[in-house]
Colleague: 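One structure, as structure tokens, below. Some questions next.
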There are 2 protein chains.
Amino acid sequence: MSHYSISELAAQFNVSTRTIRYYEEVGLLQPKRNKSGHRQFTKKEMTQLQLIFRGKKYGFNLDEIKEMVLLFEEDPTGKEQLKRTIEYGEDKIHEVSKRIQELEQMKNEMEQFLQVFQDELNKLEEE
Amino acid sequence: MSHYSISELAAQFNVSTRTIRYYEEVGLLQPKRNKSGHRQFTKKEMTQLQLIFRGKKYGFNLDEIKEMVLLFEEDPTGKEQLKRTIEYGEDKIHEVSKRIQELEQMKNEMEQFLQVFQDELNKLEEE
DNA sequence: TTTACCATTTACGTTAACGTTAAGTTCAAC
DNA sequence: GTTGAACTTAACGTTAACGTAAATGGTAAA
């Protein structure tokens, strides 16, 4: 069956079991339990963990990530609920776009700076 | 003259004076002092703070940022030193590029997800 | 059935990045 | 020259995101 244990997931994502339990603790995951109380993870939690780790890597904290995870999990029924979800999602996308732009600016500045060094080196090697 | 006080800088960047003092404490800044021991900030520190805050915003920790700041501050003389600096800088640029790519992937996934909701909404509004 | 491993909860410990308070110093204005 | 804002260092406090240790339970193999 497609059920994973907590240690299997931890190995998959190269984190500790504590980390995964902590994510459940703060409401990022809600894995089902089997008869004896052990957590049963499925593809759903795998996907959520992907989102969590990517978010973390790019400077979002767990609270912001939680908002996104929950956004993509709930099934909004009703026009009003749908509209609000879409609006919220567009805001988040906007945030990400801004981050991309500023990262690109950062990259450009670094490249310009390196160019100065590169020119310097070229001058030294022309002799 | 082009000297700024710590509170002027703090206001500029919308952070506390403690934050700026902390950055000096861990070696990110080395502002000169005037006769009576007060810190004197110049354009140089302004530029460094720009780099610091942008780096922070995008998930780099202060140790990583320190490496970048120091990279762009030291004046590498000598061919070997220049080459090493350039190589290191190119690595850092590569890291930033990777982050940009993954953020764009993240954005795409979010847009796809929202599209599903948008379609749902359109169907509801067609009636 | 005992060994051994994996799971569980509880709870205290740790680190980065500051916040906050205290106690004293300097500067600018009155 | 005194008052008050802005500066200094020193040191303890705080929060997020886990690490780690202790005590306990289920289960599969020897």
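Just so it is clear: chains get the letters A, B, ... in the order the sequence lines come, proteins before strands, and each one is counted from 1. Small disclaimer: the values here were computed from a predicted structure and weren't measured.
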Colleague: Pick the nucleotide of DNA chain D nearest each of F41(B) and K56(A); which residue has the one closer to the 5' end?
Modeller: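 Its nearest nucleotide lies further toward 5', so the answer is F41(B).
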
Colleague: Can you tell me how far C1' of dG19(C) sits from OH of Y23(B), to the nearest Å?
Modeller: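 In whole Å, dG19(C) C1' and Y23(B) OH are 13 Å from each other.
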
Colleague: Let me know the distance between NZ of K32(A) and C1' of dA7(C), rounded to the nearest Å.
Modeller: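 In whole Å, dA7(C) C1' lies 20 Å from K32(A) NZ.
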
Colleague: Taking the six-membered ring of F60(A) as reference, does the NZ or CZ atom of R99(A) fall below 6.0 Å from its centre and within a 45° cone about the axis?
Modeller: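 Geometry flag: set, cation within 6.0 Å and 45°.
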
Colleague: Between D63(A) (CG) and dA17(D) (C1'), how many Å, whole number?
Modeller: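 After rounding, the gap between these two atoms is 11 Å.
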
Colleague: Side chain of I6(B): nearest nucleotide among dA17(C), dA6(D), dT8(D)?
Modeller: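 Shortest atom-to-atom distance from the side chain points to dT8(D).
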
Colleague: Kindly point out which of dG26(D), dC18(C), dT8(C) is positioned nearest to the side chain of R33(A)?
Modeller: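 The nucleotide sitting nearest to the side chain is dT8(C).
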
Colleague: R39(B) CZ to dC27(C) P: how many Å, rounded?
Modeller: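 In whole Å, dC27(C) P lies 15 Å from R39(B) CZ.
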
Colleague: For R21(A) and S16(B), take the nucleotide of DNA chain C holding the closest heavy atom to each; which residue's nucleotide lies nearer the 5' end?
Modeller: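 Nearer the 5' end of the strand: R21(A).
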
Colleague: Check the distance between dT8(D)'s C1' and R18(B)'s CZ and give it to me in whole angstrom.
Modeller: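 Distance, rounded to whole Å: 13 Å.
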
Colleague: What integer distance in Å separates E24(B):CD from dA17(C):C1'?
Modeller: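 Taking atom C1' of dA17(C) as the reference, CD of E24(B) is at 16 Å.
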
Colleague: Is it true that R39(A) and E24(A) make a salt bridge, defined as a side-chain N closer than 4.0 Å to a carboxylate O?
Modeller: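 Counted as a salt bridge, because a side-chain N and a carboxylate O are separated by less than 4.0 Å.
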
Colleague: So, does S36(A) get its side chain near the phosphate of dG25(D), meaning an N or O under 4.0 Å from OP1 or OP2?
Modeller: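 Result: no.
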
Colleague: Do K92(B) and E64(B) meet the salt-bridge criterion of a basic N to acidic O distance under 4.0 Å?
Modeller: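 No, no charged N to carboxylate O under 4.0 Å.
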
Colleague: Would you tell me if any nitrogen or oxygen in the side chain of T19(B) comes within less than 4.0 Å of OP1 or OP2 on dG19(C)?
Modeller: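 Yes, such a contact exists.
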
Colleague: With a 4.0 Å cut-off on N to O distance, would you call E126(B) and K79(A) a salt bridge?
Modeller: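 Answer for the salt bridge query: no.
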
Colleague: How many Å lie between CD1 on I20(A) and P on dT9(C), as a whole number?
Modeller: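 To the nearest whole Å, that distance equals 14 Å.
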
Colleague: Could you check how far OH of Y22(B) sits from C1' of dT14(D), rounded to whole Å?
Modeller: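 To the nearest whole Å, that distance equals 14 Å.
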
Colleague: Tell me whether the side-chain N/O atoms of S5(A) come closer than 4.0 Å to OP1 or OP2 in dC6(C).
Modeller: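 Checking S5(A) against dC6(C): no side-chain N or O falls below 4.0 Å of OP1 or OP2.
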
Colleague: Determine, for K98(A) against E95(A), whether the closest basic-nitrogen to carboxylate-oxygen distance falls under 4.0 angstrom.
Modeller: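 Judged by the 4.0 Å cut-off on N to carboxylate O distance, K98(A) and E95(A) do not form a salt bridge.
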
